[in-house]
S.K.: 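Structure in structure tokens, see below.
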Amino acid sequence: MAFCKNFLWGGATAANQVEGGWQEGGKGASAADMLSSGSHTTPRQITAETDPALYYPNRTASDFYHHHAEDIALMGEMGFKAYRMSIAWSRIFPTGEEERPNEEGLRFYDNVFDELHAQGIEPIVTLSHYEMPLHLVNKYNGWASREVIALFERYARAVIRHYRGKVRYWLTFNEINCGTLPLGNYMSLGIRNPGTRDFLRQVDNVPLRYQALHHQLVASAYAVLAGHEEDPDAKIGNMIAMMPVYPLTCNPKDQLKAQQNWRQFNWYCADVQCRGEYPYYAPAFWRQNGIELEITEEDRRTLKAGTVDFYSLSYYQTNCVTVDPDAAQASGNLLGGAKNPYLQTSDWGWQIDPDGLRFTLNQIASRYDLPIIVVENGLGAYDKLEEDGTVKDPYRIDYLREHIKAMKQAVEEDGVPLFGYTMWGCIDLVSASTGEMAKRYGFIYVDADDQGGGTFKRYKKDSFDWYKKVIASNGENLA
Ligand code: BG6
């Protein structure tokens, strides 16, 4: 068998995109609760106050808050070995500044973890997946302030201590390298600069953003250290949005541009989290971009000591880069690029590239000596619920099959140390980039629309039974 015996097959979600119940159980508002719905063509709005003319999809999401027992039973039926999920920080510390955690919030996740273990499913828990208490956005401009580091450490310590024995795998920040992009200001760093409203055109202060990202990297290292203190058995990983690029042509200038792009987006954060210090190219990058980071001696010591135990990534698509300004463009997860003539695209224009996953896993394995897990991969598509309650999604099966084949080759033929795969959005949820429910990823269909309507009933898609067979055969039966 290509995959190891205990390979962690499963699915992934994030609290803000799946839970709903935004004001229940003592939860405070989070940054994600202030993001309006949008679409492929209309950007989401970032609002400081609730605008009654707008709809806020993350507040209801897929209503996992009230459906978790049913949802976890369905995951159990598929044979999941792992479920990657996140804790909403504002469920545990509603403003982020309380001295003690909210007991009701802790209990909610206790129930979720107990239900998972009853099904033999291992939780893999992200401490912060694109949300933070709204209060911290309002008071500190999010991660722009150093104060937030200690608040995050308190939160990380509290949950790792409380769930000791129930959670063995933790991830610090979802797609931490999103902070290298202007898009990451609000979603990833909680920065809402004056004048920001349009999700796709946020007011950007580059030096401030990189300082905020530095604070997040330090906080990630503190979480690793605190986590190991609280639970020596805990394995704590990073999480990087892999956005691989190929040079569009063999023009050496395209090659150089691609190399620079890899450093800037794919390696910048991971190098710090895996090796414990900023890489050789960082000071030059800072100089060229007017960035003067405040890095204390204690920051350096913490980064050095708080390196991660494993490497996790999301992978959806690839792009090309070129120095040719006239090259045709494609869109993608967080970032677009030049169009690749060899690839097909999804309904949302993301280029589908299974071989790119094999290539990417090898890139990671050859750079860091760490076990690797793919914690996001999947296809956002329009699905149709038929009269008889079925959903025919062969396109999703095709996408997943080809990516699993590519992982298999990476393991079997190349020797990549891969220990799990959690497909993104195993149950339909709110899209992070567009705020739509219509962009569906799941094996499980949720009857909810883009205006907050629907029964929220769950239905199995065709891919549900297919994935069940994949897991039962440990990735051997992909038919
Ligand atoms: C990743 C995020 O970037 O991609 C998820 O970690 C997100 O939160 C996923 O949902 C898919 O992107 P989208 O925009 O289709 O939801």
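All figures in this text were calculated on a predicted structure; none of them were measured in a lab. Positions are given from 1, in the same order as the sequence printed here. Note that ligands are numbered from 1 as they come in the structure, with each ligand's atoms numbered from 1 the same way.
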S.K.: Considering only protein heavy atoms, which is closest to atom 6 (O) of ligand 1, and at what distance to one decimal place?
M.R.: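 Nearest neighbour among protein heavy atoms for atom 6 (O) of ligand 1, to 0.1 Å: E376 OE2, 2.7 Å.
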S.K.: In ligand 1, which numbered atoms sit nearer than 4.0 Å to a non-hydrogen atom of Y441?
M.R.: 11 (C), 12 (O), 13 (P), 15 (O)
S.K.: Taking 4.0 angstrom as the limit, do D271 and R367 come out as a salt bridge?
M.R.: yes
S.K.: Taking only residues two or more places apart in sequence, or in another chain, which ones meet K408 in a salt bridge (charged side-chain N to carboxylate O under 4.0 Å, His left out)?
M.R.: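 So K408 forms a salt bridge (charged side-chain N to carboxylate O under 4.0 Å, His left out) with E476.
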S.K.: Is the closest heavy-atom distance from M239 to ligand 1 below 4.0 Å?
M.R.: no
S.K.: Would you mind running through ligand 1 and noting each atom that sits below 4.0 Å from a heavy atom of W350?
M.R.: 12 (O), 15 (O)
S.K.: List ligand 1 atoms under 4.0 Å from K439, heavy atoms only on the residue side.
M.R.: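 Result: 13 (P), 14 (O), 15 (O).
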S.K.: Check contact between W348 and ligand 1, using heavy atoms of the residue and a distance below 4.0 angstrom.
M.R.: no
S.K.: Quick one: which ligand 1 atoms are inside 4.0 Å of a heavy atom on S431?
M.R.: 13 (P), 14 (O), 15 (O), 16 (O)
S.K.: Can you report which non-hydrogen protein atom sits closest to atom 14 (O) of ligand 1, along with the distance?
M.R.: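 Result for atom 14 (O) of ligand 1: S433 OG, 2.5 Å.
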S.K.: State the atoms of ligand 1, each with its element, that fall below the 4.0 Å cut-off from a heavy-atom position in N174.
M.R.: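 Contacts of ligand 1 toward N174, numbered from 1: 6 (O).
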S.K.: For atom 10 (O) of ligand 1, what's the nearest protein heavy atom and its distance?
M.R.: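 In this structure, atom 10 (O) of ligand 1 has Q17 NE2, 2.8 Å as its nearest protein heavy atom.
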S.K.: Does a side chain donor of either Y278 or H214 reach within less than 3.5 Å of an acceptor in the other side chain?
M.R.: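 Result is yes, a qualifying pair exists.
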S.K.: Should you measure from each heavy atom of E175, which atoms of ligand 1 turn up under 4.0 Å away?
M.R.: 1 (C), 2 (C), 3 (O), 6 (O)
S.K.: Would you mind telling me which of Y441, Y399, Y315, Y316 makes a side chain to side chain donor-acceptor pair (under 3.5 Å) with N377?
M.R.: Y399
